[in-house]
Every structure is written in C-alpha cells, then in structure tokens.
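The first residue of the sequence shown is numbered 1, and numbering continues consecutively from there.
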Amino acid sequence: MSPVIEQAVQARVVASSPSLETVPATLVYDRTDPFTVRMAFPPLATLEGTEVVWEFSRELLTAGMSQPAGEGDVRVRPFGYGRTVLEFHAPEGTAMVHLRSSDLRRFLDRSRFLVPEGHEHLYLDLDEALAELLRDVY
C-alpha cells in the first residue's frame with residue numbers, strides 16, 4: 001500500500017465577479033508527514049504561473065467541515081449544502097475556493113485508513129527529523 005494519497009478535485013475560485021471559475025487542484029496526504037494535508041494548484045490555476053502548494057493540518061480540514069475553523073493563513077468552513085470553503089491568506093491577498101464536501105470526506109476517509117486520527121505520532125520518524133534539524137544547524 002502506498003504511503004501517499006493523491007486526489008484530484010475541482011476547486012471553484014470565488015472572485016469579485018458573480019461567476020465562479022473552476023480550477024483543478026490536488027489534495028495530498030503522506031503517511032510520513034501524518035499531521036499535514038497539502039493542496040496543490042497547478043501553474044495554469046495560479047496568478048504566478050507556477051505551482052502553488054498550501055500545507056495545513058488534517059485536523060483543521062476535519063473540523064472545518066462542520067464549523068468554521070482556523071485563525072491563521074488557512075481557514076475552513078462549511079458553505080451551504082454540500083460545499084466547504086477554504087480560504088488561503090497570503091501577503092499578496094486572499095484566495096477563496098469552494099470544494100465539494102463529499103470529495104473532502106472521501107479524501108479524509110482515505111487518509112484515516114492510512115493513519116487513524118490520534119495515532120499520527122506513531123508514524124513520525126523523530127530520529128530523521130532531529131537529524132535534519134541538526135544538519136541545518138551545523
């Protein structure tokens with residue numbers, strides 16, 4: 001079984017105009033980094049023309065599916081029937097995307113199959129993380 005889950009999703013970008021633009025994105029969960037979810041937007045979907053990847057906690061994504069969650073750069077909240085909003089805050093501005101809640105639930109269920117909630121610490125390689133920190137210092 002692969003230690004990485006990747007799931008393509010369609011993100012509807014909220015703009016100042018009344019229409020919503022749909023862009024592809026990929027949700028990624030890696031068992032070797034068990035607390036983290038990544039959401040990658042391809043170059044064609046970004047203003048910079050380069051891939052943009054946001055990292056946030058799986059716990060934040062789970063909590064935000066049922067009630068507003070997050071106080072920092074990433075915020076998640078339910079939106080109407082069957083949608084979840086992710087807000088990405090950066091110095092350049094804020095991006096807000098709508099995702100199907102069913103897609104997020106499927107992704108989170110798959111991640112829990114790899115690493116059950118509450119057991120993330122069992123999948124951390126603390127020796128490797130410490131060695132990497134020490135390499136950066138010396």
Side-chain angles (χ1 to χ4, degrees):
M1 172 177 26
S2 173
V4 177
I5 295 169
E6 290 189 11
Q7 181 174 316
V9 293
Q10 291 297 311
R12 298 180 75 191
V13 178
V14 178
S16 56
S17 66
S19 64
L20 297 176
E21 179 184 346
T22 301
V23 298
T26 304
L27 291 167
V28 180
Y29 182 79
D30 185 339
R31 181 171 51 194
T32 64
D33 191 3
F35 290 102
T36 306
V37 168
R38 290 173 182 78
M39 187 166 188
F41 294 91
L44 293 175
T46 69
L47 295 174
E48 297 83 15
T50 59
E51 180 181 59
V52 173
V53 178
W54 285 85
E55 294 184 353
F56 46 95
S57 75
R58 178 171 70 167
E59 182 180 27
L60 173 68
L61 185 57
T62 300
M65 301 248 341
S66 58
Q67 62 186 10
E71 297 176 4
D73 294 342
V74 180
R75 300 171 192 173
V76 183
R77 63 183 163 85
F79 183 79
Y81 178 75
R83 293 270 177 204
T84 301
V85 173
L86 280 77
E87 294 180 23
F88 302 103
H89 296 262
E92 301 81 16
T94 299
M96 188 180 308
V97 298
H98 290 198
L99 297 168
R100 285 188 197 101
S101 298
S102 59
D103 289 343
L104 293 175
R105 274 192 291 279
R106 185 169 38 264
F107 174 78
L108 288 168
D109 287 345
R110 292 173 64 205
S111 77
R112 289 182 196 111
F113 182 76
L114 276 184
V115 178
E117 285 178 334
H119 292 89
E120 292 90 352
H121 65 284
L122 300 174
Y123 294 84
L124 292 174
D125 187 348
L126 295 179
D127 292 333
E128 175 58 30
L130 182 58
E132 185 176 329
L133 284 173
L134 292 176
R135 275 193 298 272
D136 290 344
V137 172
Y138 297 104

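Val28 has its side chain within reach of Val4: a pair of non-hydrogen atoms, C-beta onward, lies under 4.5 Å apart. Looking only at side-chain heavy atoms (C-beta outward), Leu104 and Leu27 come within less than 4.5 Å of each other. The closest side-chain heavy-atom distance from Pro68 to Arg75 is not below 4.5 Å. With contacts defined as side-chain heavy-atom distances shorter than 4.5 Å, the pair Ile5/Phe113 does not qualify. Looking only at side-chain heavy atoms (C-beta outward), Phe41 and Pro24 stay at 4.5 Å or farther from each other. In this structure the side chain of Leu99 reaches within 4.5 angstrom of the side chain of Met39, judged on heavy atoms. Pro78 has its side chain out of reach of Ser101: every pair of non-hydrogen atoms, C-beta onward, lies at least 4.5 Å apart.
Within the model, atoms CZ of Phe79 and CE of Met65 stand 14.5 Å from one another, a figure rounded to the nearest 0.5 Å. The structure places CH2 of Trp54 at 10.5 Å from CG of Leu86, a figure rounded to the nearest 0.5 Å. One distance of note links CD of Gln10 with NE2 of His98; it measures 14.5 Å at 0.5 Å rounding.
The minimum heavy-atom distance linking Ala40 with Val53 is given by the pair CB-CG2, 3.9 Å. Between Leu60 and Val74, the shortest heavy-atom contact is CD2-O, 3.6 Å. The two residues Pro42 and Ala25 come nearest to each other via the heavy atoms CD-CA, 4.5 Å. The two residues Leu114 and Pro3 make their nearest non-hydrogen contact at CD1-O, 3.7 Å. Taking each heavy atom of Ala11 and Val97 in turn, the nearest pair found is CB-CB, 4.1 Å.
For Thr94, the side-chain hydrogen bond (donor to acceptor under 3.5 Å, both in side chains) criterion is met by His89, not counting sequence neighbours. Ser66 meets the side-chain hydrogen bond (donor to acceptor under 3.5 Å, both in side chains) test with no other residue; sequence neighbours excluded. For Glu51, the salt bridge (charged side-chain N to carboxylate O under 4.0 Å, His left out) test picks out no residue, with sequence neighbours left out. By the side-chain hydrogen bond (donor to acceptor under 3.5 Å, both in side chains) test, Arg106 is found to be paired with Asp103, residues two or more places apart in sequence or in another chain being considered.
Using cut-offs of 30° and 60° for the angle between ring planes, the Phe107 and Tyr29 rings count as perpendicular.
Note on residues 54-65: pairs passing salt bridge (Lys or Arg N to Asp or Glu O under 4.0 Å), not counting sequence neighbours, are Arg38-Glu55, Arg58-Glu120. Screening residues 81-96 for salt bridge (Lys or Arg N to Asp or Glu O under 4.0 Å), with sequence neighbours left out, gives Arg77-Glu87.
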